[in-house]
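We count ligands from 1, going down the list as the structure has it; atoms in each ligand are counted the same way. Residue numbers run from 1 in the order of the sequence given.
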Amino acid sequence: MKFCSECGGPVIHRIPEGDNLPRHICEACDLIHYQNPKIVTGCLPVWNKQVLLCKRAIEPCYGLWTLPAGFMENQESLEEAAIRESREEANANLKLESLYSVISLPHINQVYVMYRATLLDLDFYAGPESLDVRLFNEEDIPWELLAFKTIEKTLRRYFEDRKKGKFNVYNSVISKRNRLGEKEDIIR
Ligand SMILES: [Zn+2]
């Protein structure tokens, strides 16, 4: 950030008085421009035993498969954002069931919030951000062609939980430091 979005004045990067992290501060109007993590939300839509995946038509990860998800907008709830993303990417009509996974990604300043959902019909089709939208049985999931680690974790847990007949809510962290052996907490 070089210029203030309020007054157009020059912005410097320093620790404000009484704070402990450097911030972007406007030299003209003194406004502090705080930057905070972004929320990515979406869902895991299910039809009978099958899960809906979207093949990405945009970067990053063009051509790889993902669950419908995207950045939450201002003025909307998490649930509204998860449903909107599913409509935009897959034109999917669905009902959210329950919060399912919350995954912090501190190294890229994002938090993923994923819901379990039930598809209401089979009228889905690829939106402009998807090359293809399909239902997959567990044995056909393209594990090697999934776009994001958060999506892989959410899907793997889903199939494990389904076998056990019980769905927990998961809270975990994927960071650069522990990408291979990430710490994981289960919240009931
Ligand atoms: Zn300013």
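In this structure, Arg56 does not pair ionically with Glu129, as no charged nitrogen and carboxylate oxygen lie closer than 4.0 Å. Salt-bridge check for Glu89 with Lys55: failed, with every basic side-chain N at 4.0 Å or more from each acidic carboxylate O. A salt bridge between Lys95 and Glu97 is present, with a side-chain N of the basic residue lying under 4.0 Å from a carboxylate O of the acidic one.
Listed by chain and number, the residues in a ring-ring contact (aromatic ring centres under 6.0 Å, His included) with Phe167 are Tyr158 (sequence neighbours excluded).
Separating the CD1 atom in Ile141 from the CZ atom in Phe159 is a distance of 4.0 Å, to the nearest 0.5 Å.
A cation-pi arrangement, defined by a distance under 6.0 Å to the six-membered ring centre and an angle within 45 degrees of its axis, is present between Arg156 and Trp143.
Distances under 2.8 Å from the Zn ion (ligand 1) pick out the protein N/O/S atoms Cys4 SG, Cys7 SG, Cys26 SG, Cys29 SG.
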